[in-house]
Amino acid sequence: MAKNIIEKVWDSHVVYQEEGKPDLLYIDLHLIHEVTSPQAFEGLRLAGRKVRRPDLCFATMDHNVPTKNLPTINDPIAKKQIMTLADNAKEFGVELADIGHPDQGIVHVIGPELGLTQPGKTIVCGDSHTSTHGAFGALAFGIGTSEVEHVLSTQTLWQNKPKTMEIRVNGKLGVGVAAKDIILAIIAKWGIGVGTGHIVEFTGDAIRALSMEERMTICNMSIEAGAKAGLISPDATTVEFLRGRRHAPKEDKFEEAASYWLSLASDEGCSYDVVLEIDADEIEPIVTWGTNPSMGTGVSKTVPTAADFDNESDKQALKKALAYMDLEEGQPITSIEVQHVFIGSCTNSRLSDLRTAASIVEGKKLHPGVRGIVVPGSYSTKAAAEAEGLDKIFTDAGFEWRESGCSACLGMNEDIIPSGERCASTSNRNFEGRQGAGARTHLVSPAMAAAAAIEGHFVDVRKYVKQEV
Amino acid sequence: MEPINIVNSVIAPLDRKNVDTDQIISKEFLKRIERTGFGSFLFYHWRFDEQGNEISDFVLNKPEYKGSEILVAQDNFGCGSSREHAPWAILDYGFRVVIAPSFADIFHNNCFKNGILPIRLTEEECDEILAKGLEKPYNVEVNLAAQTVTGEDGKVYSFNIDPYYKEMLLNGWDEIALTFKYEEQIAAYEAKRIAY
């Protein structure tokens, strides 16, 4: 029977199955960071348990780490949490890319960079954006700290098999429209709960045409559509990305692995519980105006009005969101002025994201009312960007060029947007207070963020891109 | 974890949908390395203003809902970040049950690991309970074994729950200890597992 990739990867990882119980799934890769692991390691210690497969774990520091003046960590509580991971990694024999280590970076950036992320693997991490790794055709999902402890102890998880969903993106993206706009358009169209209880496979010509880094942006935000995980079937693009990476199979083994990976792609004629379709040609650069990722619209549009919604609870949600965001119903998106621009996060901090943003700001200056920071996703991304002079382009324009980490995506470190101020952000969540208490977040692509940094308000970056050509 | 079966309390009606885990527990409180003590930070920016004063019209600050062990909300409760600090905060504050039409997957899983019972009722049923609770304090009794929520007015709402998680909650089991019983199967899987 024709199977989709979700079924193939799931079925091949079932350790034990019994009617009336979830499946016991084997976990191939467990990524660990400082915020969601200390209580799990403490649980092991209290119960006298050990890590079953330290060789299948990889840890780094990302959520809490300062992005300037390293190695000083001013916040004593953050410092203690970071030290705790270092101690736990040592005690339990887990490999750690510590602050200052050349492999350090956002956990969802370094997994693929190091070749740890591979098609067909089950990958978990105590972080909801673990869905990022699905770009390779891995079954990757975020878990809570109790589940982190369960995986550390047993290398397995009890999981009910979710339903499957295909989101087919037909056609071709326009110039200046990014992978970020595809996923924001999907979430705006169907809402943040559309994927709840489902694993999504993204298919279609527009997805096939994307680079691995762009595919990661899409899968990264599948959690923002509520999905348990988001996958893309592996193809030649996937295989070539992995060739030569440190943890990818070597020489002769690589071809064997590659043919296994390609065999995981969804079979012709397979089925899904739900199928949704969207045309890439119709997608324009998106800007979110509200307080969840589905509250977004095209840059040429206006903030919605109550009349755009049918039911009372949506009208109320609009009202609450606009009050928090200090926006008016019907206000043009391009009239929204920003005081901050953040280019970074596990969604959009990879080399291609930095290149795109740099191409927009090159030779220009930040708008006087704007403060911009660029936070590369990893130490190695930062080094690669510097090797091609991107840091210089950003700093010449007036941006701050930082060390890698999660930074202002969630503002756990000192990179916080002040209350009442507005940020054009390449990150993934615009929840109330996400970037700082009272801060107002607008999610956009790297190109849109860069253009807003120059203009001081949102602009249609497509005009910008055309001017450049 | 604490076993759970019967919980009898006034409900706390949180009449919002898409309550995300960033609201349940804000990032500035995630740096602690303990599992306990998060209750005082639950819904911090909804409970307190920038000066740290209680915002009087927020549901948890109203005296009639103090001591509630049952939180009722709208659709897609617990969406966003996987942070288990969210259920830790809910539990530490004093809630044992959350009722909503739907829950985000990771949050839903996290509840079961901490002895919190997440109950899915229909949107209409949740609206009805919320309306009753908003009008005046409304007491309900949750019975996990019977899979019912019974209002003080005699209205009975039934709910479904996965039998595996039901047993886990009723007994307060340590899931890891249970999984160790499958050591043979795990080792057998490891012996034949595809790994590159």
Side-chain angles (χ1 to χ4, degrees), chain A residues 12 15-16 20-22 24 26 28 35-36 38-39 42 47 49 63-64 75 77-78 80-81 84 118 120 126-128 141-147 149-150 153-156 158 160 162 192-193 196-197 226 228 248-249 253 257 260 292 313 317 410-412 419 429 431-434 437-438, chain B residues 1 15-18 20-23 26-28 30-35 44-46 50 74-76 79-88 102-110 112-114 127 162-165 174-180 182-183 185-186 188-190 193-196:
Chain A
S12 68
V15 169
Y16 181 79
K21 273 199 166 92
L24 186 63
Y26 198 82
D28 293 317
V35 176
T36 57
Q39 296 86 352
E42 182 64 11
R49 291 167 180 160
H63 279 63
N64 240 339
D75 179 345
I77 310 173
K80 186 174 180 195
Q81 194 171 56
T84 301
Q118 293 170 14
D127 189 281
S128 61
F141 52 92
I143 56 177
T145 298
S146 296
E147 290 181 313
E149 187 177 336
H150 194 279
S153 310
T154 68
Q155 204 56 37
T156 63
W158 295 96
N160 281 313
I192 59 171
T196 304
K228 170 101 184 164
K253 269 282 183 198
Y260 164 66
N292 76 49
S313 83
L410 83 166
M412 270 195 79
S419 183
R429 290 192 173 130
F431 296 145
E432 286 181 26
R434 173 80 178 177
Chain B
M1 71 186 184
D15 189 16
R16 296 196 192 213
K17 62 169 154 181
N18 300 321
D20 60 78
T21 52
D22 273 77
Q23 308 316 315
S26 191
K27 69 331 193 59
E28 59 267 43
L30 304 184
K31 296 170 193 168
R32 301 173 68 252
I33 57 170
E34 298 84 18
R35 271 177 195 261
Y44 190 84
H45 296 290
W46 286 351
E50 286 180 26
Q74 290 189 0
D75 236 359
N76 199 28
C79 61
S81 162
S82 62
R83 55 188 72 167
E84 196 163 315
H85 312 68
W88 294 338
S102 67
F103 295 89
D105 294 332
I106 305 175
F107 177 84
H108 195 244
N109 270 345
N110 284 342
F112 295 120
K113 317 293 179 188
N114 290 284
D127 283 349
D162 189 298
Y164 173 82
Y165 292 118
D174 168 8
E175 195 180 32
I176 295 172
L178 292 181
T179 309
F180 280 146
Y182 297 86
E183 171 55 34
Q185 286 87 346
I186 298 170
Y189 182 89
E190 275 179 334
R193 148 179 185 264
I194 299 170
Y196 286 103

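Below, chains carry the letters A, B, ... as their sequence lines are ordered, and counting in each starts from 1.
For B:Y44, no part lies near chain A; criterion is any non-hydrogen pair under 4.5 Å. For A:N64, the part lying under 4.5 angstrom from a heavy atom of chain B is the side chain only. Within the 4.5 angstrom heavy-atom criterion, no atom of A:E42 approaches chain B. For chain B, the nearby part of A:Y260 is the side chain; its heavy atoms alone come within less than 4.5 Å. At a 4.5 Å heavy-atom cutoff, the contact between B:Y164 and chain A is made by backbone and side-chain atoms alike. Within the 4.5 angstrom heavy-atom criterion, only side-chain atoms of A:S419, from C-beta onward, approach chain B. Neither the backbone nor the side chain of A:A317 comes within contact range of chain B; no heavy atom of the residue lies under 4.5 Å from a heavy atom of that chain. With a threshold of 4.5 angstrom between heavy atoms, B:I106 approaches chain A through side-chain atoms but not through N, CA, C or O. Interface remark: B:A188 contributes no atoms to any contact with chain A (heavy atom separation under 4.5 Å).
Between A:S128 and B:S81, the closest heavy-atom pair is OG-CA, 3.7 Å. In terms of heavy atoms, B:H45 sits closest to A:A437 at CE1-CB, 3.7 Å. In terms of heavy-atom proximity, B:E84 sits nearest to A:T145 at OE1-N, 2.7 Å. In plain terms, the two heavy atoms of A:F431 and B:G80 that are nearest each other are CE1-CA, 4.0 Å.
In this structure A:T196 satisfies the side-chain contact (heavy atoms from CB on, under 4.5 Å) test together with B:N76, B:D105, sequence neighbours excluded. Scored by the salt bridge (Lys or Arg N to Asp or Glu O under 4.0 Å) test, B:D75 finds no partners at all (sequence neighbours excluded).
Two residues are said to be in side-chain contact when any heavy atoms from C-beta on lie closer than 4.5 Å; A:P22 and B:Y165 meet this criterion. Counting only heavy atoms from C-beta outward, the side chains of A:L410 and B:R83 approach each other to under 4.5 Å. Between A:I192 and B:K17 the shortest side-chain heavy-atom distance does not fall below 4.5 Å. Taking the side chain as every heavy atom from C-beta outward, B:H85 and A:V35 approach each other to under 4.5 Å. Within the 4.5 Å cutoff, side-chain heavy atoms of A:S153 are placed close to those of B:F180. For the pair A:Q81/B:L30, no side-chain contact is recorded, criterion being any heavy-atom separation below 4.5 Å from C-beta on.
Atoms CE and CD, on A:M412 and B:E28 in that order, are 9.0 Å from each other to the nearest 0.5 Å. Atom CD1 of B:I194 sits about 12.0 Å away from atom CD of A:Q118, to the nearest 0.5 Å. The structure places OG of B:S82 at 9.5 Å from CD of A:E147, a figure rounded to the nearest 0.5 Å. Here NZ of B:K27 is found 7.5 Å from CZ of A:R434. Values are rounded to the nearest 0.5 Å. In this structure, CD on B:Q185 lies 8.5 Å from CG on A:L24, to the nearest 0.5 angstrom. The NE2 atom of A:H150 sits 8.0 Å away from atom CG of B:L178, with the distance rounded to the nearest 0.5 Å.
When each of A:E149, A:K253, A:Q155 is checked for heavy-atom pairs under 4.5 Å with chain B, A:E149 comes out on top. Ranked by heavy-atom pairs under 4.5 Å with chain B, the list A:S146, A:G193, A:P38 is led by A:S146. When B:E190, B:R16, B:E183 are compared by the number of non-hydrogen pairs under 4.5 Å with chain A, B:E190 comes out ahead. Here A:S12 is the residue among A:S12, A:P162, A:A47 with the most heavy-atom pairs under 4.5 Å with chain B.
When only modelled atom types and interatomic distance are considered, B:D20 and A:N292 share no side-chain donor-acceptor pair under 3.5 Å. No side-chain donor from either of A:S313 and B:Q74 sits under 3.5 Å from a side-chain acceptor of the other.
Side-chain N or O atoms of B:Q23 include one that pairs as donor or acceptor with a backbone N or O of A:E432 at under 3.5 Å. With hydrogens and angles ignored, the 3.5 Å screen pairs a side-chain donor or acceptor of A:Q39 with a backbone N or O of B:R32.
Using cut-offs of 30° and 60° on the angle between ring planes, the pair B:Y182 and A:W158 is perpendicular.
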